[in-house]
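Below you'll find the structure, written out as C-alpha cells, and then a few comments.
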Amino acid sequence: LEGIRKGAKQGLVISAGLVNDETDVEFIITLDVETKTEAYNLIHAAKLVKSGFFTPIIYSYFAPEGLAVKASDLPKE
C-alpha cells in the first residue's frame, strides 16, 4: 500500500483497488505513464511482484485528460 501512496503523490498512480467479481483479477492499478515499458518497470519494482506472489498483466488504456487521484483520497496509514 505504501508504494501506491508514493506513486499517487508522484502523480503516477491514478487509481487502484481490489476487484470483487468472478474473474481471476485481484487488483487493478491505473498508472499515468507514457509507455507499457514504463508501467512494466514500475510494477515489477514492487516486492510482491519480484517475489512472484503477484503476476502482473499490463494493458494500454487511454483515460480522459485530467483524471487524477488526490493524496487526500487515500486511506490513512
Side-chain angles (χ1 to χ4, degrees):
L1 196 54
E2 184 55 38
I4 293 171
R5 280 191 191 96
K6 181 180 175 184
K9 288 178 185 176
Q10 294 173 340
L12 297 172
V13 174
I14 300 302
S15 66
L18 297 171
V19 175
N20 187 16
D21 63 12
E22 65 280 348
T23 67
D24 291 336
V25 175
E26 295 182 31
F27 201 84
I28 294 177
I29 300 174
T30 305
L31 302 171
D32 184 12
V33 294
E34 294 294 323
T35 66
K36 284 176 77 171
T37 301
E38 190 176 356
Y40 179 95
N41 291 337
L42 286 169
I43 296 301
H44 281 81
K47 291 177 191 175
L48 291 174
V49 173
K50 284 182 185 179
S51 72
F53 187 81
F54 287 121
T55 303
I57 301 171
I58 298 172
Y59 295 102
S60 295
Y61 174 78
F62 297 96
E65 187 173 343
L67 180 65
V69 143
K70 295 177 260 168
S72 62
D73 294 338
L74 299 172
K76 301 296 179 204
E77 297 177 30

Worksheet item: Going only through I, L, V, M, F, W and Y residues with side-chain contacts under 4.5 Å, is there a path from Y59 to I29?
Response: no
Worksheet entry | Interatomic distance, E38 atom CD to L12 atom CG [nearest 0.5 angstrom] | 7.0 Å
Worksheet item: Do you know the tightest heavy-atom contact between H44 and K50?
Response: O-CG, 3.3 Å
Worksheet entry | ILVMFWY cluster, F54 and V13 together (side-chain gap under 4.5 Å) | yes
Worksheet item: So, for D32 and G11, which heavy atoms are closest and what is the spacing to 0.1 Å?
Response: CB-O, 3.6 Å
Worksheet item: If you measure from CG on D24 to OG1 on T55, what distance do you get to the nearest 0.5 Å?
Response: 11.0 Å
Worksheet item: So does Q10 have more than 12 non-hydrogen atoms from other groups sitting under 6.0 Å from CD?
Response: yes
Practice prompt. Determine whether Y40 and V49 fall in the same hydrophobic cluster, where Ile, Leu, Val, Met, Phe, Trp and Tyr are linked whenever their side-chain heavy atoms lie under 4.5 Å apart.
Written response: no
Discussion item. Is there a continuous path of hydrophobic side-chain contacts, each under 4.5 Å between heavy atoms, that joins I43 to L18?
Written reply: yes
